[in-house]
There are 2 protein chains.
Amino acid sequence: MIAACVKYKEAAERDWLEAPMALFDNDRWVGRILLRRNTQYLYTIEAWRDLFASWRNAFIKKRAAGQPLALELDEGRALVERAAELATEREAQSRDVQSLGAHLERLRQSRQNEATRNEAAEAEILLSDGLAKLMARAGPRTNLTRYDKELEVIVDRLAARYGAWYELFPRSMSGDARRHGTFDDVIARLPYLREMGFDVLYMPPIHPIGQTNRKGRNNRLEAGPDDPGSPYAIGSPEGGHTALHRELGDFAAFHRLVDAARDHGIEIALDFAIQCSPDHPWLKEHPEWFDWRPDGTIRFAENPPKRYEDIVNAHFYRDALPGIWLALRDVVLFWIDHGVKIFRVDNPHTKPVPFWEWMIRAVQERHPDAIFLSEAFTRPKMMRKLAKVGFTQSYTYFTWRNTKSELTEYLTELSQTPCQEYLRPNFFVNTPDINPPFLQRGGRAAFIIRAVLAGTLSSLWGMYSGFELCEATPIPGREEYLDSEKYQITAWDWDRPGNIRGIITRLNRIRRDNPALHDWWNLRFHVAHDDGVLFFSKMTAERDNILWVAVNLDPHAVREAVFELPLQELGLGEDAVIEAEELLSAERLRWHGPRQTVQLDPLVNPCMIWRVTPPAR
Amino acid sequence: MIAACVKYKEAAERDWLEAPMALFDNDRWVGRILLRRNTQYLYTIEAWRDLFASWRNAFIKKRAAGQPLALELDEGRALVERAAELATEREAQSRDVQSLGAHLERLRQSRQNEATRNEAAEAEILLSDGLAKLMARAGPRTNLTRYDKELEVIVDRLAARYGAWYELFPRSMSGDARRHGTFDDVIARLPYLREMGFDVLYMPPIHPIGQTNRKGRNNRLEAGPDDPGSPYAIGSPEGGHTALHRELGDFAAFHRLVDAARDHGIEIALDFAIQCSPDHPWLKEHPEWFDWRPDGTIRFAENPPKRYEDIVNAHFYRDALPGIWLALRDVVLFWIDHGVKIFRVDNPHTKPVPFWEWMIRAVQERHPDAIFLSEAFTRPKMMRKLAKVGFTQSYTYFTWRNTKSELTEYLTELSQTPCQEYLRPNFFVNTPDINPPFLQRGGRAAFIIRAVLAGTLSSLWGMYSGFELCEATPIPGREEYLDSEKYQITAWDWDRPGNIRGIITRLNRIRRDNPALHDWWNLRFHVAHDDGVLFFSKMTAERDNILWVAVNLDPHAVREAVFELPLQELGLGEDAVIEAEELLSAERLRWHGPRQTVQLDPLVNPCMIWRVTPPAR
C-alpha cells in the first residue's frame with residue numbers, strides 16, 4: 001500500500017505545507033488544498049510505501065483466513081518501534097512520540113508472560129484506528145519519492161474572471177464635438193455606466209499624441225490643423241507613456257477620476273500600447289531601442305504593403321535589452337502607483353512572448369491583483385501561448401462567431417478543453433477596430449442578441465460605447481466604423497431612440513444576481529430543434545443557481561423552436577415539473593416534461609434567460 | 001518570418017545533426033529525420049528569426065505595391081554583408097563564404113555608378129533562389145531559441161514490432177510423460193514450429209528447481225517424489241539464475257538448441273523471473289537481499305491470504321541496493337552471452353519501476369537488439385508505465401476481450417491513442433496461466449477465431465503449446481488448465497484430430513506475405529451490421545497492401561452480415577469495382593459498390609481475410 005500527499009506553498013514562502021491524498025479510482029489519487037491568497041502558489045506530490053498500512057491490511061486478511069498470527073504481531077510491533085525511534089530522532093511533535101510510546105507500553109504489558117501470549121489483546125492495540133492515524137502521520141516514509149516538477153497555480157481576484165467592461169474615448173465625453181473631452185467629463189459619465197451595471201471603464205491611450213505624420217479623420221494620411229490624431233500614436237515632446245495628454249487634464253484630474261470611479265464601484269483600465277509616435281522622447285533618449293535605416297531615418301511600423309507612418313515600433317533585443325524591458329515594466333508600475341490595476345494590452349502578439357512572461361510576473365510579484373487583458377487577434381496557438389505565459393484575460397474570436405455551429409464549437413473549446421485552465425475569454429461585442437457585419441445588418445435585435453450571448457456565454461464581457469445606441473455605420477464594405485473616434489472627437493446622443501440601455505442594464509443585473517454567470521467552465525449546450533436557436537445552461541457547482549438561456553440567432557425572423565430541457569442534468573425524470581422565471585421579462589412559468597416549445601421574436605424577445613427551480617427532493 | 005530545424009543525434013554521439021523544418025499549417029511545423037540504427041536517438045528543436053527571408057518577403061510585396069525600393073535594397077545588401085562577416089568569423093564552409101562574397105561583388109559592380117543606380121539588377125541578385133538558399137543555410141540565426149527538452153526515440157529492430165511467438169515447456173518435449181524432456185528434444189520440435197511459421201520460441205525458466213515446499217501436480221502443497229515442481233521456483237544447491245536444470249541438458253546442449261533454432265529462422269526467448277526458491281544460492285550468499293522474519297525464518301511470497309510457499313521474493317532497496325540490481329542485470333547479460341536476445345519478464349509490475357528503467361537501458365546500451373516482453377497483467381496505468389520506461393513489448397488484456405464492443409474499444413485505445421507511441425501489444429491467445437473461458441466453451445471454431453484476431457489485429461501474437469490442438473480442459477470453474485504443465489511433465493499428441501495446425505500455418509504465412517500486418521497502428525474498424533461480426537482493415541502507408549478482415553465472434557452460430565466496404569478510405573466512389581482474394585481459402589471475388597453481404601459459418605469459415613486490389617487509376 002502506498003500513501004501520498006500534496007506539498008504546497010506560496011511561491012515566496014520557504015516552508016511547504018502538506019495535504020493528504022487518497023485513492024480516487026484506478027491509480028488516480030486526489031488531494032484537496034485551499035488556496036486563500038491572491039498570489040502564486042507552487043505544488044508537487046510526494047508518495048511512499050506505507051509499511052504499517054500494508055502490514056495492517058495483510059494482517060486482517062490472514063486473521064480472517066485463520067492463519068498463524070504470532071509472527072505477524074511481532075512484525076507489526078517492530079514497525080511501531082521503528083516509528084517511535086525515528087520520531088524521537090527527528091524530534092517530531094512530542095505528542096506523537098509520547099503516543100507511540102504509550103502504544104508500545106500497552107503491548108509490553110500484554111506480553112509480560114510469553115507462555116500465555118494474548119494475541120487478541122495485541123491485535124486490538126495494533127489495529128486500533130488511533131494507531132493507524134498516528135502511524136500514517138508519524139510513521140516512516142519508506143521509499144519516499146517526489147514528483148520532479150513544481151507546478152504553479154496563480155490565484156487571481158474575482159475581477160480576473162467576472163466583470164463587465166465599458167470602453168470609451170475620454171476626449172469624446174464633452175458632449176460637444178468641437179470641445180476636447182476631459183477626465184472631469186468622464187467623471188460626469190460614471191453614473192450612466194454604473195446604472196448600466198459596468199464594472200470596468202477602459203480608456204484607449206491617454207498620453208500625448210505625436211504630430212509627425214499624424215492621421216486625419218477616417219485614417220487619412222494627412223491631418224487637418226484641428227485633427228486630434230490617433231491616441232495610439234503615443235508620445236510628443238510633452239512626454240510619453242507616463243505623461244498625460246494635456247487636453248484631458250493633469251494628474252490631479254486623473255486621480256479625481258480614479259477616485260470617483262472607485263466610489264461608483266468601477267475600476268479604471270488603461271491601454272498598454274508599446275508603439276511610439278516618431279515624436280516620443282524615447283527616440284532621442286534611447287535610439288538603441290529603435291530600428292534605424294541605412295539613410296539615418298527611422299523605420300515606421302508596417303505590415304507590407306501596409307504602412308503606419310504615425311508610429312514606430314521599438315525592438316526588444318540587441319542593445320534594447322534589458323533597457324526597454326525595465327522601462328516598460330516601470331510604465332506599468334507607474335500607473336499602478338496612480339491607482340490603476342487593470343491593463344488592456346495592445347497587440348501583445350507582435351512583441352516577444354518572453355517579455356510578457358517576465359513583465360507580468362515581475363509586476364504581479366509586487367501587485368498580485370494587477371490584471372492584464374491580451375488584445376491579440378491572431379492565430380490560435382499564439383493566443384493560447386500568451387494566456388499561458390501570464391495574461392489574465394484574452395480577447396477572443398467571439399466577435400466573428402455568429403451561427404449556432406460556430407458558437408457551439410468555439411465555446412466548447414473555450415469552456416471544455418484544457419484551454420479553460422489558462423485562457424479566460426473576455427467577450428467584446430464590438431471595439432473601435434471591429435464593427436461586425438452582423439451588427440451592421442441586423443438592426444436593434446442584433447445588438448440585443450450579441451449582448452446577451454456575450455454576457456451569458458462568458459463571465460467576462462465588454463462593449464465599446466455606441467453599442468448601447470445601436471451604432472454600426474461602417475465605412476462601406478469594411479468592419480471599420482465611419483468617422484471613427486480613433487481619429488476624431490465625437491459627440492454622442494446618449495438617449496438616441498431605439499437604444500438598448502434598458503436591456504443592458506437588466507443583463508448586467510441578471511449577471512450580478514446569478515453566480516452561475518460568474519464562471520464560464522460551467523457552460524453546457526442543449527438541444528433546440530432549430531439551427532437558428534442556441535440553447536444552453538449554466539449552473540453553480542452546488543446547483544443552487546441554475547440558468548437556461550435561449551437565443552434566436554436570426555435577428556430577422558421569428559423562430560418557434562422545440563427544446564429538450566436538460567432534466568437529466570438535474571437528476572430529474574421525464575415527468576418532472578419545473579418552475580422557472582424568465583429574467584429579462586420577469587415572467588414566471590411552469591414546465592411539465594422535457595419537450596417544450598418557445599417562440600423567440602427578434603422584435604420582442606430574441607433572448608430568454610430562465611432561472612430554473614427544480615422540484616424539492 | 002521564422003525558420004526552424006530538428007537537431008538530432010545518436011545518444012552516444014557528441015555532435016548534433018540537423019534537418020530543416022517547414023511550416024505545415026497553423027503554427028505546426030514538420031521536419032523529417034531518418035533514424036537508421038538500432039539504438040537510442042535524441043532530438044530537439046531550434047528556431048530563429050530569419051531576417052533575410054523576412055526582408056525578401058516584404059521586399060516582394062513592396063515592389064508589387066510600387067513603393068520606393070532603394071533603401072530596401074540597401075538593407076537587403078546589409079544582411080548579406082553581415083552573413084558574410086559571420087561566416088568568415090566562424091569559419092563556415094569555405095564554399096558558402098566564397099558564394100556570399102561573390103553575390104556581394106556582383107552587387108558592388110551593379111552599384112559602381114551611384115547616379116544611375118540599377119535597382120532592377122540589384123533586386124535580381126538579392127532575390128535569386130540561390131542566395132535565398134545560401135542565406136537560409138549560412139545566414140545568422142537571430143534570436144536563436146532551443147526547445148528546453150531533449151526528446152528520446154528508441155529505434156528497435158523489426159522483431160520488436162512483428163513476430164509470432166510459440167511457448168513450450170521443454171521438459172514436456174520427450175513425447176513420454178515419464179521421461180524428462182531435454183534441449184535436444186526441443187531441437188527435434190523445431191521443424192514443427194518452423195512449418196507453422198513461428199519466429200520466436202519462448203521457454204519458461206530452465207534453471208534448477210528448488211526442493212523446499214516444492215509444488216505437486218495441480219498446484220498441490222505437497223509434491224510427490226517424482227513431481228518435477230514448478231520451474232518458477234528457481235534455484236537449488238546446483239545453482240540459480242545462471243545455471244541450467246540438469247535434466248534439460250548442459251550448456252553444450254543449450255548452445256546446440258540456440259544454434260539449431262537460428263538455422264530454422266527461430267529466436268530463443270527466455271523467461272526472466274526474479275523470485276527464488278528457498279534453496280536458491282542467493283539466500284546464503286546475499287541474505288541482505290531477502291526479508292527475514294523476527295524468528296529468523298524467511299518470508300515466503302504471498303498475496304494475503306494466498307501464500308506461495310515454494311518461492312521467496314528479493315527486495316530492491318536498503319542493503320540490496322545496488323547489489324541485486326547489478327546481479328540481475330548480469331543475469332540478463334549472461335544469457336545474452338549465451339546467444340539469447342529476447343526476454344519474457346515475469347510479473348515486472350511487482351518490482352520497482354526504476355529498476356526496470358535502469359536495467360533495460362543498461363542492457364540496451366550494450367545490446368540495443370535485446371528485447372524485453374513485459375508480462376504484467378495489472379492496472380492500466382502500471383502496464384503503460386512499464387512500456388514507457390523501456391519494455392519493448394507488453395502482454396495485454398486481449399485474452400479477455402471477446403465481444404465486438406470490447407475489442408473495438410480496446411484496440412482503438414492501443415492503436416489510435418498516444419499509447420501507440422510506446423506500448424507494443426503482443427496478443428497471446430493463451431498462456432500456461434490463462435485458459436480463457438471463450439476457448440473452454442467455444443470448441444475448435446473459438447480457437448480459429450482467437451488465432452485470427454490475435455494474428456491480424458496485432459503485428460505480434462503468441463500461443464502456448466496445446467492451443468493448436470484445441471486443448472482447453474480446465475480445472476472446473478477456473479481459468480487454470482487441468483493437469484497444468486507448470487507442475488508436471490506432459491506428453492502431447494501433436495497430430496490430435498481436429499487440430500488447427502493447418503490454419504495457423506496459413507495465418508502465419510498470410511502475416512509474413514502481407515506487410516500491412518507487420519504493424520498495429522494502421523488498424524481501422526468498419527461497419528458490419530451485426531453485433532457478432534467484427535470488420536476491420538489494415539493497409540500499408542503506401543497503400544500497396546490492403547487487407548480487410550471479417551471475424552464471426554460467435555463460435556456457435558452462422559452469421560450473415562451486411563458490410564460497408566471502406567471504399568472512401570481508398571479514395572473510391574460508391575460505384576467502384578473491387579477485386580479481392582480471400583487468403584485463407586484462396587478464393588477470388590469481385591465486389592460492386594460498398595454494401596456487401598458475407599456469410600461466416602464457424603464450422604467452415606469463421607474468419608475471412610481479403611487482400612484487396614483497388615481498380616487502377
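Here is the naming used below: chain letters follow the sequence lines, and residue numbers restart at 1 for every chain. Because the structure is predicted, anything quoted here is derived from the model rather than measured.
A salt bridge links B:Glu72 to A:Arg293: one of the charged nitrogens lies within less than 4.0 Å of a carboxylate oxygen. Between B:Glu302 and A:Lys61 there is no salt bridge, since no side-chain N of the basic residue sits under 4.0 Å from a carboxylate O of the acidic one.
Contact annotation for A:Asn303: neither backbone nor side-chain heavy atoms come within less than 4.5 Å of a heavy atom of chain B. Interface residue B:Ala58: backbone and side-chain heavy atoms are both found under 4.5 Å from chain A. In this structure, chain A has a heavy atom under 4.5 Å from the side chain of B:Arg307, while its backbone stays farther away.
Around the NZ atom of A:Lys385, the shell of radius 6.0 Å holds no more than 12 heavy atoms that belong to other residues, nucleotides or ligands. Counting heavy-atom neighbours within 6.0 Å of B:Glu222 CD, excluding the residue itself, gives a total of 12 or less. The neighbour count for B:Arg49 CZ, taken as heavy atoms of other residues, nucleotides or ligands under 6.0 Å away, does not exceed 12. Shown here is B:Lys381, whose NZ atom has more than 12 heavy atoms of other residues, nucleotides or ligands within 6.0 Å. No more than 12 heavy-atom neighbours from other residues, nucleotides or ligands sit within 6.0 angstrom of CD on A:Glu409. Remark: A:Glu288 CD is packed, more than 12 non-hydrogen atoms of other residues, nucleotides or ligands lying under 6.0 Å away.
When A:Thr142, A:Ile60, A:Asp295, A:Asn57 are compared by the number of non-hydrogen pairs under 4.5 Å with chain B, A:Asp295 comes out ahead. For chain B, the option among A:Pro294, A:Pro354, A:Ala64, A:Pro352 with the highest count of heavy-atom pairs below 4.5 Å is A:Pro294. The most heavy-atom pairs under 4.5 Å with chain A, out of B:Thr145, B:Asp74, B:Asn143, come from B:Asn143.
Taking both residues in full, the closest heavy atoms of A:Asn26 and B:Arg379 are given as OD1-CB, 4.1 Å, listed atom of the first, atom of the second, then distance.
Put simply, the side chain of A:Arg299 reaches to within 4.5 Å of the side chain of B:Glu75, judged on heavy atoms. Between B:Leu71 and A:Thr297 the shortest side-chain heavy-atom distance falls below 4.5 Å.
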